[in-house]
Amino acid sequence: MLSMVVCLLLLVRLVETANEVDPYNILGVTKSASQTEIKEVYKRLIREWHPDKNKNEGAEDLFIKITKSYEILSNKEKRANYDRYGQTDDTQPYGHGHYGHGHDQFYFDDKYSLRFNQYVNDVVPDSFKRPYLIKITSDWCFSCIHIEPVWKEVVLELEALGVGIGVVDVGYERRLANHLGAHRTPSILGVINGKVTFFHYAVVKEHLRQFVEDLLPQRLVEKVTDRNDLQFLNSWHEQNKPHLLLFDQVPVVPLLYKLTAFAYKDYIQFGYMDQGLSDTPNLLKQININTYAPTMLVFKESIDRPADIIQAKGMKKQVIDEFILNNKFLLVHRLVNQKLFDEHCPVKQLHRRRTYCVLLINGDEESYTIGNQAFISFAYTNTQEVVRFAYAYQRLQQPLCDTLLKTKDSTQPPQVFILEHRNAAGRVLYKEVAGGWNGTDKNKQRLLDELQRLQKDPSILNQDTILPELNNEFASMFLIRWIYTAYDYLTEIIDDIIHNNWREMMPLLSLIFSALFILFGTVVVQAFSDSSEDGKSKPKAKDGAKWFYAYHVFVIYSRPLKKNFVEVTELTDITYTSNLVKLRPGHMNVVLVLTDASKNVLLSKFAKEVYSFTGSLTLHFSFLNVDKHSAWVEMLLEFAQDTMQIDTDEDDGARHKIDYTGYILALNGHKKYLCLFRPVYTGEEGPGGATGGGRRSGSREDHPPRRSVPRSHSTATLQIHHKLDHLGLWMERLMEGTPHRYYIPAWPGLEKITDPK
């Protein structure tokens, strides 16, 4: 009985649906109506139910139905098909008619379905590079079915241009729909720069395309003519960007070009020249290009000739992207922020070619112009793909320049450095090119010689430092960007008021009132705060790094990093299981071997050497007191007999105890192997010392520690401090997986403490 009732209800619903999509019923005409009658009724209904004039609920849906009905009845073939079969492809109810129709649309939308986490983690960040067009839909939404043909056509067109597409099913993602402020279906909205804007007009192709275009900022592409072409091209130095100029014969900027300009706005300045205008012949004659196809030219430091050119009819997005990526940077970029430095001078990657950065440090006064131009001309003659050129103004990038110049004297003459960026923490290997830089032929030859030596021997970069984060020279533009953002939000508020979308306005209004409340609360708190607290003296941090020792060592730098300390735990019988035996797969514990006497000196040096590797989540750092656990160390190193045999041979048969102080054991608890770093040997500092007089250089792993000899306390401290020299380079090899591995059958226990002798 229940099944019969359900069937009857479904039948009634289908009949109602058939009436809803009957074009004769919608227009209110008979089947014998002439084309003239149908056209007159259509014009009257369109004026009456246009969404811009009729604000009644359902006016937009009825407007779409009227338009679709007229399309059917005004076409002789479609009307005859409907009169004969009672339906057309445009009037099929959902799930009926040709079997694949509804299923095709389901799979089409399913490809673009969005989840809440996906929207927050992927769509919002990506919306700062391209706009998104999102449809809100649900099951049994018959109004949604009517817009599907237009939606599908628009999606296929805009996606090819680079617009992001999303579909949110309210039945499955109610949380995301509420987050977007969508409270009815169907709804269409756009997302750009993390901001949501709703589409309020009839769902037709032209309106949706214009909606996406209106989402984009208005100042992306500059119109260029003979009156402002030199001003446009000469602004490369001020904006620190290449300039890309598109020539075409249409009066409006193509949408594809606007979308490209939005995606690469941080790297390139875009201009557009309409070849059909009467005030563009001079530039066209100067460049001498074919005017019958769209042409892109990119200008860098030279405005007389383009650095690259591309010309094609029907230019595709993939071709434009490849062209821009190949011309993303100036030949000699000015370092204006940290992001540009990281991209222009990238970090050395494993199994990839090294990239070197030639950096000129000079002033921004006019007297340095000749040297700057000479540096740019030298860069033009460079043929080495692995060498990139950049410069920085000492006045604007003072922390960077002080680190490399090792002085705070702002009157220093221009200097050239060759850098290799080693890791994301700012560590670089570098070399200063002798003689400074004045742009003379002698300076150019000296720099050329150094670059040729570098190709043969990368070890000439023999200085090591951590660069501070670069100043953002465009930070002063924040106020202007804030004004533009405020203008956009005010425009959105006015638009929402006009369309009476109060529920969609609530997130924005809530944000504004919250900001005002916080501002008011801050003023009140400051006004009533105890003035005596202002008189309390605040402890000042000492210059340089501070070290604290117990079972942890903390290193504090002025450079803001993800992790601003080195955590070093003692390896004991308590921490033995968690820090070694049950260490997670892929993780490694780097253990420093020390004694009570050398603890403070070695921990300080150890923390400095491994600090730049604290960003790795797979590395742990510990220390082991050999005074307590010498037997465990000897038992472990028996498995590295080929290395330890060197110590035995150099003892010349005498039975001397090996000094393990300064050894580094990189222990992989899961795979049961160790990598061994043995200290760099340093002899007595005084002349004629018993062990060779002076420091001995060599491989990090090829030289064993020598036997102790009587010496003063200050000399001993100096030698202990130098035992971990070059540990940073060995850590880089460890990250690359190149040090030799000594496999252990089973980790020896750490319960026993060696008796002091």
Side-chain angles (χ1 to χ4, degrees), residues 4-106 109 135-154 170 184-188 199-208:
M4 291 180 62
V5 173
V6 173
C7 291
L8 287 173
L9 290 174
L10 288 175
L11 182 60
V12 170
R13 181 55 183 164
L14 291 176
V15 172
E16 292 175 352
T17 303
N19 291 330
E20 287 178 1
V21 297
D22 183 359
Y24 292 106
N25 288 338
I26 293 173
L27 294 182
V29 296
T30 62
K31 290 189 177 182
S32 59
S34 64
Q35 288 293 329
T36 303
E37 293 175 345
I38 293 174
K39 188 173 184 179
E40 290 177 355
V41 172
Y42 169 70
K43 288 182 177 180
R44 175 175 56 80
L45 293 176
I46 282 296
R47 288 193 297 268
E48 180 181 353
W49 293 100
H50 197 284
D52 291 343
K53 298 181 179 179
N54 194 322
K55 302 300 182 181
N56 293 330
E57 186 176 357
E60 184 177 344
D61 291 340
L62 185 55
F63 177 80
I64 296 172
K65 292 177 182 179
I66 293 170
T67 305
K68 293 295 182 182
S69 299
Y70 180 72
E71 289 179 2
I72 295 171
L73 298 184
S74 62
N75 185 291
K76 293 182 179 180
E77 183 178 350
K78 289 184 177 181
R79 183 176 181 181
N81 189 39
Y82 181 81
D83 291 341
R84 180 176 301 177
Y85 302 108
Q87 63 182 20
T88 66
D89 288 342
D90 295 324
T91 61
Q92 289 180 12
Y94 183 77
H96 291 75
H98 300 294
Y99 176 76
H101 180 75
H103 290 78
D104 290 343
Q105 187 60 45
F106 170 78
D109 282 350
K135 181 183 70 171
I136 312 297
T137 185
S138 64
D139 295 337
W140 301 103
C141 171
F142 291 95
S143 298
C144 302
I145 300 173
H146 296 309
I147 69 172
E148 294 303 344
V150 178
W151 170 258
K152 185 174 182 179
E153 183 181 1
V154 170
V170 176
R184 64 184 181 188
T185 58
S187 292
I188 295 178
F199 176 77
H200 301 295
Y201 304 98
V203 183
V204 294
K205 178 181 176 181
E206 291 73 17
H207 290 174
L208 286 171

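Treat the numbers as computed from the prediction; the structure is a model and nothing was measured. As a basis for the values below, the full set of heavy atoms in this structure was taken, side chains included, without hydrogen atoms, waters or symmetry mates.
- For the side chain to side chain donor-acceptor pair (under 3.5 Å) condition, the pairs that include at least one residue of residues 28-42, sequence neighbours left out, are Thr30-Ser32.
- Rounding to the nearest 0.5 Å places NE2 of His207 at 14.0 Å from NE2 of His200.
- A distance of 6.0 Å separates CD in Glu148 from OG1 in Thr137, rounded to the nearest 0.5 Å.
- For Asn75, the side chain to side chain donor-acceptor pair (under 3.5 Å) test picks out no residue, with sequence neighbours left out.
- Taking SG from Cys144 and CD1 from Ile136, the interatomic distance works out to 10.0 Å, rounded to the nearest 0.5 Å.
- The shortest non-hydrogen separation linking Trp49 to Phe63 is O-CB, 3.6 Å.
- Between Ile72 and Lys78 the shortest heavy-atom distance is O-CB, 3.7 Å.
- The CD atom of Glu153 sits 4.5 Å away from the NZ atom of Lys205 when rounded to the nearest 0.5 Å.
- Residues forming a side-chain contact (heavy atoms from CB on, under 4.5 Å) with Ser143 (at least two apart in sequence, or on another chain): Asp61, Cys141, Pro186.
- Between atom CG of residue Asn54 and atom CD1 of residue Ile46 there is a gap of 11.5 Å, rounded to the nearest 0.5 Å.
- Here the CG atom belonging to Leu45 is positioned 10.5 Å from the CD1 atom belonging to Ile26, to the nearest 0.5 angstrom.
- Tyr70 is not listed as a side-chain neighbour of Val41, based on a closest heavy-atom distance of 4.5 Å or more.
- By the 4.5 Å heavy-atom criterion applied to side chains, Arg47 and Lys43 are counted as neighbours.
- The shortest side-chain heavy-atom distance between Lys68 and Val150 falls under the 4.5 Å cut-off.
- None of Ile64, Val154, Val204, Leu208 except one satisfies the side chain to side chain contact (heavy atoms under 4.5 Å, CB included) rule with Ile147; the exception is Ile64.
- Between Ile38 and Leu73, the shortest heavy-atom contact is CD1-CB, 4.0 Å.
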